[in-house]
Amino acid sequence: MPLLIVESPKKAKQIASYLGRDWTVKACFGHVRDLPATKADIPEKYRDQAWARLGINVDAGYTPLYVARAKTGVLTDLRAATKAAGGDVYLASDPDREGESIAWHLSVVLGLKDARRVTYQEVTKTAIQKAIQNPRPINLALVAAQESRRILDRLAGYGVSPLLWDAIGGPQSAGRVQSAALMLLAQREQSRLSFIPSAYWRVTARVGTTPPFNASVQAIRGLPLATAASFTAQGQLKEGLEVAQLDAQKAEGLRGYLEGREAEITSIEVSPITRRPPPPFTTSSLQQAAGARLHLGVETVTRAAQSLYEQGLVTYIRTDSPALSDEALQLARAAVAERFGEDALSPSPRQYATRNSNAQEAHEAIRPAGAFLAPEATGLNGDELALYTLIYTRTVASQMQDALGEKTTITLQAGVVTLGATGTRLTRRGFTALYDDDQKDEDDQALPALTVGQRAPLSGVKAEEKKSSAPARFSEGSFVQLMEKAGIGRPSTYASTLKTLLSRNYVAIRARKLHVTPLGLCVALYLLKQLPQLVDARFTAQMEQDLDAIANGELKRLDYLDRVWRDALKPAIAGAQRTSPRIKVPGREAVFEVRDGQVTLRTAEGAALLPVELLPEDLDERSIPALLAGTWKPGAKSTRRTEESPGRAPTAPAKRKGSTTPRKKRDSTASPRKKASTSGTPSRRKS
DNA sequence: CAGTGAGCGAGCTTCCGCTTGACTT
């Protein structure tokens, strides 16, 4: 009886039901071998080799040392099943680079000669049957590409992390993905800290038509009134821009000028609007939407989505493709027809393509699985119901008609002052009847029917001073999207990369936003100076191109690794400064100095160790003297945390435990600390 | 002579990516 091996047990069950009793279907649970992680993983005979710590014999052509992963039960099970199948084994791991590698490792571990590799794009009976009729050999060039990726990540990660242990202290870490991701956050934090807000004025008035509407001042004597967009991040007026700038006195003068004055409508412009439904979810867009709409963090979303997957309610949750299978398209369209009628359907089925060039598209979009149960019919509750509803409506809405409408822009003149008002109106709701993704514009309003030349008095004139705001911090969900857009990490690692940055104390979550800590800022800026290539997201983009060339046979694995390691990273690591770095605090006359994992703030007035909970944004004219005097208390500024959802709050207290600084090195022997930092965070949650 | 504590030195930390349960607090 032939044996088919897939990665996921859920998938194995599904496929077993398609293939019937003539087949055995087993899961290998992802990778079955890997480089040794710690010394304990290294086999006795290699333990005294100089390269054993890396698990890669660089001098022997970057030969990797592979060891079985902890799940011995899985391997013995697969070996027994292989024997029972008489070696008639089909390797059906995912159709991407990692999947090809898994197939190759399986073929080695199970001793398969002439391994039969099969792939399919969707899990349907016909697709599976077609796949097993067309087996092919393992693509060794693709395996070489994966192996190069693995080796590079190990060399970079295990090569650079010890640099941090020397320079900064503590069990710190660096890597191709986490360091580039940290840098993206640090850059945003820096641009926020150095941002200089600009003041501008907004003057509004009520126009006395029936019914009335609101208009805002656009220009005075034809000169546009300054807005937030008129200024640079340094608080300067953008070059070559001619605008009217008010101060309190002028604003009050303008208010008096307008109050009671008659305005005339000088133009009415109407333009049509078409809005298309957003594509079905991928891992990153689901995180973004669940964060924005349901206020759920990445870990909560991942856990709830995994549960939905295990219940057979949604498809695989780690995907970069928004594509729907033909079967799913039909089911989604049937759901539209049943709920809203045939007229609500888009004229033809909508298929969505990814815009992400790194996408491997081994799975389809995250969508309802099986019978497309309506949310009410699932029997779910809580976060899982909310998440399923989101996935269901987004998928079904993707097959609905566009929303149509019109945008009206009104211009009015009152003496020398020009005012404007906008209003949008939907003439056909289309998909928004089910899934409304409208971003509300504060100026948008319902406008009455108006004609050019019409006159009406202005009243209730208000002049408000506004300040331009710095670029916003990332939420957990938008951080995941940022990583995807930058091309770093994969759907299976977005959540764990964030978790790593949190557990290293490089990043903290406050009021549902990601903040880079002083330690994170120091690590990022240190790496930027010593190893700029590692913190650059383009390093990964270039790696992807080179891996493609290896997979195509155009580039040799050895040549590639020599180029990135022997000729670039290795000498850069050897030449890097290993003394405690001093980093200028952005936007302040002060420096951070970091040693033993602890950050010290140094100013002309003195120095102070920074408490772990202090964030760069807490540093100001009041807190700095308090820190130096030792009287600073946390929470003085950050008390206005948004606690709308008390049930599911805080990851914050759990986080700090595992990664406290090793001030007393003797007390923190390796094993208890490891335990605390790896299992501490999730296990505290349920109590 | 046995027990205690300070001080010293050795060993360890770490990557990315693929998959789920089995462990405690």
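Chain letters run A, B, ... following the sequence lines, proteins first, then strands; residues in each count from 1.
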Next on the checklist: Can you tell whether the side chains of A:Lys556 and A:Asp562 come within less than 4.0 Å, N to carboxylate O?
Outcome noted: no

Next on the checklist: Of the options B:dG17, B:dT20, B:dC16, whose atoms approach the side-chain atoms of A:Thr493 most closely?
Outcome noted: B:dG17

Next on the checklist: Could you tell me how far apart A:Met483 (CE) and B:dC16 (P) are, to the nearest whole angstrom?
Outcome noted: 11 Å

Checklist entry - Can you find a side chain N or O atom of A:Tyr158 that sits less than 4.0 Å from OP1 or OP2 on B:dT13? => result no

Next on the checklist: Is there a side-chain contact between A:Ser173 and the phosphate of B:dC15, meaning an N or O under 4.0 Å from OP1 or OP2?
Outcome noted: yes

Next on the checklist: In whole Å, I'd like the distance from the CD atom of A:Glu98 to the P atom of B:dG17.
Outcome noted: 7 Å

Checklist entry - In whole angstroms, how far is the P atom of B:dC18 from the CG atom of A:Leu91? => result 18 Å

Item to check | Nearest-angstrom distance from the residue atom CG of A:Asp166 to P of B:dG11 | outcome: 16 Å

Next on the checklist: Applying a 4.0 Å non-hydrogen cut-off, can you work out what A:Ala174 is touching in the nucleic acid: base, sugar-phosphate, or nothing?
Outcome noted: sugar-phosphate

Checklist entry - Rounding to a whole Å, what distance do you find between A:Tyr66:OH and B:dC18:P? => result 14 Å

Checklist outcome for this item: In short, A:Ala174 meets A:Val160 closest at the heavy-atom pair CB-CG1, 3.7 Å

Checklist entry - Distance check: side-chain N/O of A:Arg176 vs OP1/OP2 of B:dG17, anything under 4.0 Å? => result yes

Item to check | Residue among A:Glu100, A:Arg33, A:Gln146 satisfying side chain to side chain donor-acceptor pair (under 3.5 Å) with A:His105 | outcome: A:Arg33

Checklist entry - Side-chain N or O of A:Ser496 less than 4.0 angstrom from OP1 or OP2 on B:dC16? => result no

Next on the checklist: Assess the residue pair A:Ser173 and A:Gln178 against the criterion (side chain to side chain donor-acceptor pair (under 3.5 Å)); give the C-alpha distance rounded to whole Å, side-chain angles, the decisive distance to 0.1 Å, and a yes or no.
Outcome noted: CA-CA 9 Å; A:Ser173 64; A:Gln178 63 168 285; 2.9 Å; yes

Item to check | A:Lys39 vs A:Gly489, nearer the 5' end of DNA chain B by closest nucleotide | outcome: A:Lys39

Checklist entry - Hey, does the side chain of A:Arg490 come within less than 4.0 Å of B:dC18's phosphate (OP1/OP2), counting only N and O? => result yes

Checklist outcome for this item: Output field dot_bracket for DNA chain B (Watson-Crick or G-U, both distances under 3.5 Å, | for other-strand pairs) contains .........................

Next on the checklist: Can you measure A:Ile102 atom CD1 to B:dC18 atom C1' for me and round it to whole angstrom units?
Outcome noted: 5 Å

Checklist entry - Would you say the base of B:dC16 and the side-chain of A:Arg149 have a donor-acceptor pair closer than 3.5 Å? => result yes

Next on the checklist: At less than 4.0 Å, is any side-chain N or O atom of A:Arg318 found next to OP1 or OP2 of B:dT19? Yes or no.
Outcome noted: yes

Next on the checklist: Quick check on B:dT20: is either OP1 or OP2 less than 4.0 Å from any side-chain nitrogen or oxygen of A:Tyr309?
Outcome noted: yes

Next on the checklist: How many whole angstroms separate atom CG of A:Asp41 from atom P of B:dC15?
Outcome noted: 14 Å

Item to check | A:Thr283 and A:Gln287 side chains, donor-acceptor separation under 3.5 Å | outcome: no

Item to check | Contact under 4.0 Å: A:Gln306 side-chain N or O vs B:dT20 OP1/OP2 | outcome: yes

Next on the checklist: Under 4.0 Å, heavy atoms only, any strand: does A:Tyr316 hit a base, just the sugar-phosphate, or nothing?
Outcome noted: sugar-phosphate

Checklist entry - Can you list the steps and then say if A:Tyr388 with A:Glu384 is a side chain to side chain donor-acceptor pair (under 3.5 Å)? => result CA-CA 6 Å; A:Tyr388 181 82; A:Glu384 291 185 9; over 6 Å; no

Next on the checklist: What's A:Pro162 touching, base or sugar-phosphate or nothing? Going by heavy atoms closer than 4.0 Å.
Outcome noted: base

Checklist entry - Which is true for A:Asp94 with a 4.0 Å heavy-atom rule: it touches a base, it touches only sugar-phosphate, or it touches nothing? => result sugar-phosphate

Checklist entry - Can you tell which of B:dT14, B:dG17, B:dT19 lies closest to the side chain of A:Arg504? => result B:dT14

Checklist entry - Is the phosphate of B:dT13, meaning OP1 or OP2, less than 4.0 Å from a side-chain N or O of A:Gln172? => result no

Checklist entry - For B:dC18, does OP1 or OP2 lie under 4.0 Å from any side-chain N or O of A:Ser492? => result yes

Item to check | Nucleotide nearest A:Arg69 (side chain, heavy atoms from C-beta), chosen from B:dC15, B:dC18, B:dC16 | outcome: B:dC18

Checklist entry - Can A:Ser492 and A:Arg318 be counted as having a side-chain donor-acceptor contact under 3.5 angstrom? => result no

Item to check | Atom-to-atom span, NZ of A:Lys11 to P of B:dC18 - whole angstrom | outcome: 12 Å

Item to check | Smallest separation among heavy atoms of A:Thr315 and A:Ile366, with atom names | outcome: OG1-CA, 3.4 Å

Checklist outcome for this item: Considering only heavy side-chain atoms of A:Asp153, the closest of B:dG21, B:dT14, B:dC16 is B:dC16

Next on the checklist: Mind checking if A:Gly175 touches a base, just sugar-phosphate, or nothing, with heavy atoms under 4.0 Å?
Outcome noted: sugar-phosphate

Next on the checklist: With a 4.0 Å cutoff (strictly under), does any side-chain N or O of A:Arg53 reach OP1 or OP2 of B:dC15?
Outcome noted: no

Checklist entry - Which sits closer to the 5' end of DNA chain B, A:Trp165 or A:Val32, going by the nucleotide each is nearest to? => result A:Trp165

Item to check | Cationic N near anionic O, under 4.0 Å, A:Asp546 to A:Arg563 | outcome: yes

Next on the checklist: So, OP1 or OP2 of B:dT19: does either fall under 4.0 Å of a side-chain N or O from A:Ser8?
Outcome noted: no

Next on the checklist: I need the full list of salt bridge (Lys or Arg N to Asp or Glu O under 4.0 Å) pairs touching residues 140-163 of chain A, with sequence neighbours left out, sorted by first then second residue.
Outcome noted: A:Asp34-A:Arg150, A:Glu98-A:Arg149, A:Glu147-A:Arg557, A:Arg149-A:Asp153, A:Asp153-A:Arg176

Item to check | Residue A:Gln178, side-chain heavy atoms: nucleotide from B:dT20, B:dC15, B:dT13 that is nearest | outcome: B:dC15

